[in-house]
Structures are given as structure tokens and as C-alpha cells.
Amino acid sequence: MMPKFVLLPTDIVIVVLLAALTFYLIHVARSEELKARWRYVVSSGASLCSLSLLCFFLLLSVVDSVHFRPVIDVQAGRPIYDVKAYSLLDKALGKASSAEEKSYSMPLATQTFEKISRFEDGKPVRDYEPLKAGGAHLKNNADWAEDVIVKSACGLGAGLVLSALLWFLTVGLIARYKDRSFKGEVRTLFKRRDEVPYEAVLTTCSVLIVLGCLIGALWPYYHVMGTDQTGNDVLYQAFKSVRTALVIGTLATLTTLPFAVVLGICAGFFKGWVDDLIQYLYTTLSSIPSVLLIAASVLMIQVFIDSHPGMYATGIERADLRLFMLSIIIGLTGWATLARLLRAETLKISQLDYIQAAHAFGLGPFKIMKRHVLPNVIHIILIVAVLDFSGIVLYEAVLSYVGVGVDPTTHSFGSMINAGRLELSRTPVVWWNLCAAFTFMLTLVLSANLFASAVREAFDPRLVLKIGRKK
């Protein structure tokens, strides 16, 4: 029987994000100016590599946003659904989403990291314990090194073959499309030219394919990045944390932008009592410590959630509502910085000659702000929005540290870093939890920053001539 699909608030955010991207791509296809600016963006190999990684993270989040409750039994012709909701990513990752060890284990280990006390034949014994899902297929631990090397070699070999096939097919299709010979197209790879450097995308995809095949070859038999204190697979938590980071960063940033853009531009354009009122608002908001304001708001939301347990059929719905409200609260309390910057830039732009000419021709203030002011501050909005996105992803770790972050049952980089902070102070050091969170977070934030840098440069109104030369 069909499972029961569960639509969470953050799932709606992912769907809206995909829809917005789709409509924007259609809009770009109809505008020659936008196409010219995006050609400038994709003319950079670094921005294409970053875009490829962001698309991978977005795809991972989309797969992790399809939730359902499987049928576990049928009684009197009516299905009985599981009390726990799963995502497509949970089912794709298989054992890691359900198998739990007793405690820490190192990457690719076959036994626990620490000795565990147990009773054997009525006597207490303290020794290392074999893992349930780490090398359980081995008959002898002496075969561990050979098994890991063989499986790694198979994974790398498969990844290299798939990557070579991807390169061959892509180069062949592009050569045919451009009416060139295959050898001629190969000679143009990794060389400076005015066309889209698609080899950057192929290189990034090849790295992802090789890593995916390597992990896929080892995943069914080992914990590739080890386990944490409660025995959960660390790599699985890192994959699940990507969606949390994207939801928090995207939703909080989208919540911030309308308030910051509208209030910041209006303050700089109208001046007078409008400027005084808006300055009073964001000055008051900035004077309140953000952590305390967010903590108070999250605690009130948590009291409401705890007071209405009947509203949620599963635990994931409770946790997701807290994640959704946390993102909204961060966005509502974080618009002051961007509004202040936009006010200052609008004050300068409003004194320029073409703005005065627009006033003289009788254009209304809102048309002037839309046609002349907003396009000239869009580069500032992009810079601050991406910095805010990166900062919010990192800020979530601070909130988790003080206990007002995401729900403890929700996987996030903040929770992993908070746990890793304690693990670094113990002996021996448990480093793999923090290493996995740091690697994934660094890749996500760095990709967003590099891509936004290229977008900011392309949409800077002072670079019109440069775009003209890139055509």
C-alpha cells in the first residue's frame, strides 16, 4: 500500500525555493540584459564550480524533504502507519539511518573506540566491542586492511570510469553542437576563451562522482566517518544537516530581505519623519542582544509546542515547526544591518542628477525607487544577503550551544560542532565528528560566497562596459 506523505513547513520552503528559481530562470530567458549578466557569471570557472556544488547540496535537500510514513500493518482493510516519518534520503542511505552502535567508533573501524563494560558468564568484562554495522561481514579482523583497500579500489575505479564516460559524452555532444571535431574540442579544454568553461562543471561533477562511488563502496560495510557518543553514523548526520543549514540560511535571509530593502530604501529616499521613525525602529532592535531576543522568542514557541501535543502526529513535525519558527525569528531580528547600509546608499543616490531629472519629469517616488534606486543597490543586497546566509549557518552553532537552536532530534551542523567542542577536550580526542561538520559547512559556505561574489560583480551597475566586452 502507498505510504502516507507528510508535508512539513520546511518542505514547503524548499518547494517555494525551487518554484522561485524556475520562474526566475524563465524571466532570465526573456531578458537580454539578464542573459548578458548571467553569461558574465558563468564565464568564470570558480563560479561554475561553486554553482555545481550548490546544486548538489540543493538536490540533497530536495531528496531529504520528501517525507512519508510507511505502512507497517493492515487491520480490517485499513493501513496502520509508522509513528516515525522518513525521507527519501533516509531510505537511500539505508542502514545508517537506523543502525546504532553503543558509543564512539573511529572512521572505518570494526570495534568501539572505548572499552565497554559487559557481563560474560556472570563475570564483569571490560573490553572493546565489535560494531553491529562496521566490519560485521569480516570473519577475521586481520582481513580488515585488505578488505578496505579492495573496496576502496573498486569504488575509485567505478568513479573514474563513470567520470571518464561523462567527459567523453559531454565533450562529444558539445563538439557536435558546435560543429567541431572531437579532437579540436578536446584541445580547447582548460584554455582561456570567451565561451562557458564547462570543463569546470565536469571537473566538479567528476570529483563528486568519485567520492560518491568511494563512499558507496564502503557505506554498506563500515561507518565511513565513524560514530558519535550515542552510536549514530557521523556521515549520515552530516548529510542530514545540509538540509537544516539550507532551510535556516535561506528562510531567515528571505525573511530579512523585505523588511531591510523596503525600510532601508524608504528611509534614505523620503528622509524627514519617515527616516526618523525607521531609524528609531532599527536602532531599538539593534540595542537588544540578538541571542537573548532569539532565546526568549524560541522559548515562547517551545512552550506553545509543549502545550499543544495533539497538533503533531509525529515527533518530526514538532521538531520541524521549531526549525521553521527559529528561521523566521532570526530573519525578523536581523534586518537592521542591511537596512542601515541601504539607507546610506540611497541617501547618496537620491542626490544624483538622473534622480533629480526623474523628479522633474513627474515620476512618482515609488516608480523612481523601483526603476532607479533598487537596481543601483542590488549589489549591496547580494553581498549582505550571502554574508547573512553564511553567518546564519554559523550562528546556528552558537544558538545550539546555549540550548535555543534546533530541536535535539534535528540533525544540524550546530549540534555536531557543539558535541565536537566537548569531544576535543577529552583524552583520547574524538576528532571525526567536528571534522565532518567542518568539512561540509566549509564547502557549503565557501561555495555560496564564491558564487555570490561573481553574481555581485555581474550585477554591479558600474560594470556595464565590462559585460559588454565579455559578449
Side-chain angles (χ1 to χ4, degrees), residues 5-17 61 64-65 67 69 83-87 237 240-260 263 281-282 284-339 385 388-419 421 437 441:
F5 288 94
V6 179
L7 186 62
L8 304 177
T10 53
D11 295 340
I12 300 176
V13 173
I14 298 295
V15 173
V16 171
L17 177 61
S61 301
D64 197 23
S65 297
H67 293 92
R69 295 168 59 188
V83 295
K84 183 178 180 180
Y86 299 89
S87 69
Q237 294 183 63
K240 295 284 288 184
S241 299
V242 170
R243 178 182 179 274
T244 303
L246 279 179
V247 167
I248 289 181
T250 302
L251 184 56
T253 303
L254 292 179
T255 305
T256 297
L257 288 180
F259 293 94
L263 295 179
L281 285 176
Y282 68 62
T284 303
L285 184 63
S286 300
S287 65
I288 304 174
S290 58
V291 174
L292 297 181
L293 184 59
I294 294 172
S297 303
V298 171
L299 289 176
M300 288 190 294
I301 295 297
Q302 190 61 44
V303 169
F304 173 82
I305 294 174
D306 294 338
S307 302
H308 301 80
M311 295 177 59
Y312 320 101
T314 59
I316 194 174
E317 295 180 52
R318 290 168 50 91
D320 192 79
L321 178 61
R322 176 166 171 171
L323 172 62
F324 180 83
M325 295 307 301
L326 174 64
S327 305
I328 296 294
I329 292 168
I330 293 175
L332 291 177
T333 57
W335 57 269
T337 302
L338 179 56
D388 283 349
F389 174 86
S390 306
I392 290 168
V393 172
L394 302 174
Y395 191 49
E396 188 267 328
V398 178
L399 297 177
S400 296
Y401 173 72
V402 298
V404 294
V406 298
D407 191 86
T409 61
T410 302
H411 299 290
S412 71
F413 293 129
S415 301
M416 296 179 68
I417 291 175
N418 188 35
R421 174 187 59 85
M441 182 181 290

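The figures here come from the full heavy-atom set of this structure, side chains too, leaving out hydrogens, waters and symmetry mates.
- Within the model, atoms CG of Leu246 and CZ of Phe389 stand 5.0 Å from one another, a figure rounded to the nearest 0.5 Å.
- Sorted by first and then second residue, the pairs that involve residues 242-257 and meet salt bridge (Lys or Arg N to Asp or Glu O under 4.0 Å), not counting sequence neighbours, are Asp11-Arg243, Arg243-Asp320.
- Surrounding CZ of Phe259 are at most 12 heavy atoms belonging to other residues, nucleotides or ligands under 6.0 Å away.
- Shown here are the side-chain contact (heavy atoms from CB on, under 4.5 Å) partners of Ile12, two or more places apart in sequence or in another chain: Leu7, Val16.
- With sequence neighbours excluded, the residues satisfying side-chain contact (heavy atoms from CB on, under 4.5 Å) with Ala295 are Val404.
- Take Ser241 and apply the side-chain contact (heavy atoms from CB on, under 4.5 Å) test, not counting sequence neighbours, and it matches His411, Phe413, Met416.
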side-chain contact (heavy atoms from CB on, under 4.5 Å) between Val406 and Ile248, worked out: CA-CA 10 Å; Val406 298; Ile248 289 181; 3.9 Å; yes
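- Here the CG-OG1 distance, from Asp388 to Thr337, works out to 7.0 Å after rounding to the nearest 0.5 Å.
- Annotation for Thr333 and Ile330: closest pair OG1-O, 3.2 Å, computed over non-hydrogen atoms.
- Pairs passing the side-chain hydrogen bond (donor to acceptor under 3.5 Å, both in side chains) check and including a residue from residues 250-259, sequence neighbours excluded, do not occur.
- Counting heavy atoms from C-beta outward, Glu317 and Val6 have side chains that approach closer than 4.5 Å.
- Contact annotation: the side chain of Leu251 never approaches that of Thr10 to less than 4.5 Å [non-hydrogen atoms, C-beta and beyond].
- Under the rule for a ring-ring contact (aromatic ring centres under 6.0 Å, His included), Phe5 has no partner lying at least two apart in sequence or in another chain.
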Checking Ser61 against Val242 for the side-chain contact (heavy atoms from CB on, under 4.5 Å) test, could you report, in this order, the C-alpha distance in whole Å, the side-chain angles of both residues, the deciding distance, and whether it holds? CA-CA 7 Å; Ser61 301; Val242 170; 3.9 Å; yes
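- Not counting sequence neighbours, the partners of Ser412 by the side-chain hydrogen bond (donor to acceptor under 3.5 Å, both in side chains) test are Glu396, Ser415.
- Listed by chain and residue number, Lys240 satisfy the salt bridge (Lys or Arg N to Asp or Glu O under 4.0 Å) test with Asp64 (two or more places apart in sequence, or in another chain).
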Please test Leu293 against Leu285 for side-chain contact (heavy atoms from CB on, under 4.5 Å), starting from the C-alpha separation and ending with a verdict. CA-CA 9 Å; Leu293 184 59; Leu285 184 63; 3.9 Å; yes
Could you walk me through whether Trp335 and Leu263 pass the side-chain contact (heavy atoms from CB on, under 4.5 Å) check? CA-CA 9 Å; Trp335 57 269; Leu263 295 179; 3.7 Å; yes
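- With values rounded to the nearest 0.5 angstrom, Thr409 atom OG1 is found 9.5 Å from Lys84 atom NZ.
- The side-chain contact (heavy atoms from CB on, under 4.5 Å) search around Leu321 returns Ile305, Tyr312, Met325, not counting sequence neighbours.
- Applying the side-chain hydrogen bond (donor to acceptor under 3.5 Å, both in side chains) test to residues at least two apart or on different chains, the pairs with a partner in residues 292-302 are Gln302-Asp306, Gln302-Arg322.
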